[in-house]
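Accompanying notes for the structure given below.
Source: prediction; values computed, not measured. Nothing fancy with the numbering, it's 1 onward along the sequence. We count ligands from 1, going down the list as the structure has it; atoms in each ligand are counted the same way.
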Amino acid sequence: MSEIRSEIRKVIIIGSGPAGLTSAVYAARGNLKPLMIEGYQAGGQLMLTSEVENFPGFPKGVMGPELMSQMRAQAERFGTEFITSDVTKVDLSGKIKKVWVDSKEYHAHTVIVSTGASANLLGLANESRLMGRGVSTCATCDGFFFKDKVIAVVGGGDSAMEEANFLSRYASKVYLVHRRDSFKASKIMVERAQQNPKIEFKTNKILEDVLGQEGVTGIRLKDTLSGKSEDLTLEGVFVAIGHTPNTKLFSESLKLDPKGYILTGVEKGHVTSTNIPGVFACGDVQDNRYRQAITAAGSGCAASLDAEHYLAQHNVE
Ligand code: NDP
């Protein structure tokens with residue numbers, strides 16, 4: 001049995017990374033009294049990073065979790081209400097949108113989806129154990145910490161090529177480890193990486209294990225053709241094998257692009273609009289390209305303004 005909350009909210013925001021929290025700041029300041037369902041693992045991907053040096057306004061850098069706690073405090077200051085649970089079900093079909101947290105049912109005129117994306121992992125025990133201690137899924141976040149060190153990038157897509165090139169600015173050497181000898185990445189990106197003297201390609205190789213106790217000291221590769229293993233001594237591993245948008249809750253109701261990201265910009269002139277009027281999406285759940293905290297925050301602002309416009313158009317006081 002659902003326990004229905006009788007109040008119809010102006011906006012419910014699902015997800016609490018930079019996109020969701022920025023939309024909350026704007027919605028709260030716009031007097032929309034947002035309800036944010038922030039999830040058990042609140043704060044999004046920045047909670048998994050250490051120092052963020054490219055978020056404007058922090059010339060000395062800021063720790064990822066600290067940045068998220070500041071954004072949350074700002075959203076709270078203007079009256080955002082938070083529920084620290086996961087949404088379990090949604091029904092976005094009617095004019096009044098329904099959102100469930102277990103047996104509790106919440107209603108709203110608009111919903112902003114900002115559930116983010118998760119970096120894919122290889123699934124090795126030592127990969128998770130050494131995450132943030134030599135293993136990373138974000139070159140732009142963590143590259144700087146690998147100055148003059150030997151590192152590896154795993155993957156054969158554009159992200160892996162771009163990250164290998166980017167990381168070669170810091171690292172003394174970058175191994176590009178890929179499980180095949182042809183690439184999903186565009187030709188120009190592969191060629192750029194191949195021409196980079198600091199990058200050595202290790203193709204037809206599977207990352208079998210990450211070595212090290214307190215930090216990364218090496219990796220074990222297995223050749224897919226010969227079956228032979230080899231160990232490489234290095235200090236960092238960047239896993240760049242794609243992301244999965246967190247859209248499980250919405251796969252029945254919202255239109256997704258071929259890669260599973262929420263399709264936005266459906267209504268002309270409203271970049272965060274989805275196929276359902278009154279439902280908006282922002283941040284990494286709809287962005288497969290830029291994936292930066294600042295671009296997510298920017299789209300969160302846009303989602304809030306789009307929701308505000310929708311409410312005004314529908315005379316919701
Ligand atoms: P992709 O899905 O394009 O590539 C993922 C890569 O990871 C593939 O080479 C794949 O191997 C490999 N991979 C997947 N799973 C495993 C696994 N379990 N073990 C080993 N390897 C694995 O993801 P990207 O993040 O690279 O790119 C996402 C999108 O973003 C793309 O559309 C890309 O074009 C775009 N992008 C564009 C950039 C640019 O233009 N500047 C920069 C970065 C991204 P396999 O090939 O064998 O399947």
Side-chain angles (χ1 to χ4, degrees), residues 19 44-45 48-49 54 116-131 135-143 151-169 174-196 199-211 216 218-230 232 234 236-247 256-265 281 283-296 299:
Q45 292 182 75
L48 306 174
T49 67
N54 54 9
S118 308
N120 296 339
L121 293 175
L122 296 157
L124 303 167
N126 284 338
E127 175 191 39
S128 311
R129 188 175 62 79
L130 293 168
M131 186 62 67
V135 179
S136 169
T137 54
C138 180
T140 42
C141 318
D142 298 330
I151 60 169
V153 173
V154 186
D158 281 332
S159 292
M161 299 305 144
E162 191 168 78
E163 297 204 352
N165 267 315
F166 174 80
L167 289 164
S168 73
R169 291 192 218 159
V174 180
Y175 290 108
L176 192 292
V177 177
H178 181 38
R179 61 184 175 185
R180 297 187 293 135
D181 62 358
S182 57
F183 298 93
K184 225 169 164 179
S186 51
K187 202 163 162 259
I188 184 167
M189 300 280 278
V190 176
E191 281 172 4
R192 201 173 292 156
Q194 281 168 336
Q195 282 159 12
N196 186 323
I199 300 176
E200 181 180 333
F201 277 63
K202 290 277 185 186
T203 51
N204 291 322
K205 302 272 193 273
I206 285 172
L207 185 72
E208 222 179 7
D209 204 359
V210 182
L211 311 174
V216 172
I219 53 174
R220 180 158 301 150
L221 300 180
K222 187 177 178 181
D223 192 289
T224 57
L225 305 176
S226 68
K228 278 192 187 140
S229 292
E230 68 172 311
L232 300 176
L234 46 74
V237 182
F238 287 80
V239 182
I241 59 169
H243 285 75
T244 302
N246 301 319
T247 51
L256 308 178
D257 74 10
K259 287 176 181 158
Y261 289 77
I262 296 177
L263 208 61
T264 49
D284 285 12
V285 76
Q286 52 85 57
D287 168 23
N288 185 28
R289 189 168 187 88
Y290 301 106
R291 298 196 301 246
Q292 300 300 302
I294 191 68
T295 51
S299 76

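Polar contact check, Leu122 against ligand 1: no nitrogen or oxygen pair lies under 3.5 Å apart. Close N/O approach between Lys184 and ligand 1 is found [any backbone or side-chain N/O within under 3.5 Å]. Distances between N or O atoms of Arg291 and those of ligand 1 include no value under 3.5 Å.
Here Asn288 has heavy atoms under 4.0 Å from ligand 1 in both its backbone and its side chain. Counting heavy atoms closer than 4.0 Å to ligand 1, residue Met161 contributes nothing at all.
Looking at Ser136 and Glu163, their side chains never come closer than 4.5 Å, going by heavy atoms from C-beta outward. Here the side chains of Tyr261 and Arg289 are not in contact, with every heavy-atom distance at 4.5 Å or above. By the 4.5 Å heavy-atom criterion applied to side chains, Val153 and Leu176 are counted as neighbours.
Annotation for Leu225: atom CG counts as buried by contact number, over 12 foreign heavy atoms lying within 6.0 Å. Environment of NZ in Lys202: crowded, with over 12 heavy atoms of neighbouring residues, nucleotides or ligands closer than 6.0 Å.
In this structure, atom 37 (C) of ligand 1 lies nearest to the protein heavy atom Asp158 CB, 3.6 Å. Atom 46 (O) of ligand 1 has Arg180 NH2, 2.7 Å as its closest protein atom, hydrogens excluded (heavy atom only). For atom 24 (P) of ligand 1, the closest non-hydrogen atom on the protein side is Ser159 OG, 3.2 Å. In terms of protein heavy-atom proximity, atom 23 (O) of ligand 1 is nearest to Gly242 CA, 3.8 Å. The protein atom (non-hydrogen) at minimum distance from atom 42 (C) of ligand 1 is Glu162 OE1, 3.4 Å. If you check which protein heavy atom lies closest to atom 40 (O) of ligand 1, you get Arg289 NH2, 3.6 Å. Looking at atom 7 (O) of ligand 1, its nearest protein heavy atom turns out to be Ile241 CA, 3.3 Å. Closest protein heavy atom to atom 18 (N) of ligand 1: Arg179 NH1, 3.7 Å.
Heavy-atom separations between His243 and ligand 1 are all 4.0 Å or longer.
Across Gly155 and Met161, no two heavy atoms sit closer than the pair O-CE, 4.5 Å.
Considering only non-hydrogen atoms, atom 32 (O) of ligand 1 lies nearest to Lys259 out of Met189, Lys205, Lys259.
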Practice item. Starting from the C-alpha separation in whole Å, work towards a yes-or-no answer on side chain to side chain contact (heavy atoms under 4.5 Å, CB included) for Glu127 and Leu207. Key: CA-CA 10 Å; Glu127 175 191 39; Leu207 185 72; 5.9 Å; no
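Taking the six-membered ring for Trp, Phe201 and Phe183 have ring centres closer than 6.0 Å.
In this structure Ser128 satisfies the side-chain hydrogen bond (donor to acceptor under 3.5 Å, both in side chains) test with no other residue, sequence neighbours excluded. Under the rule for a side-chain hydrogen bond (donor to acceptor under 3.5 Å, both in side chains), Arg169 has no partner lying at least two apart in sequence or in another chain.
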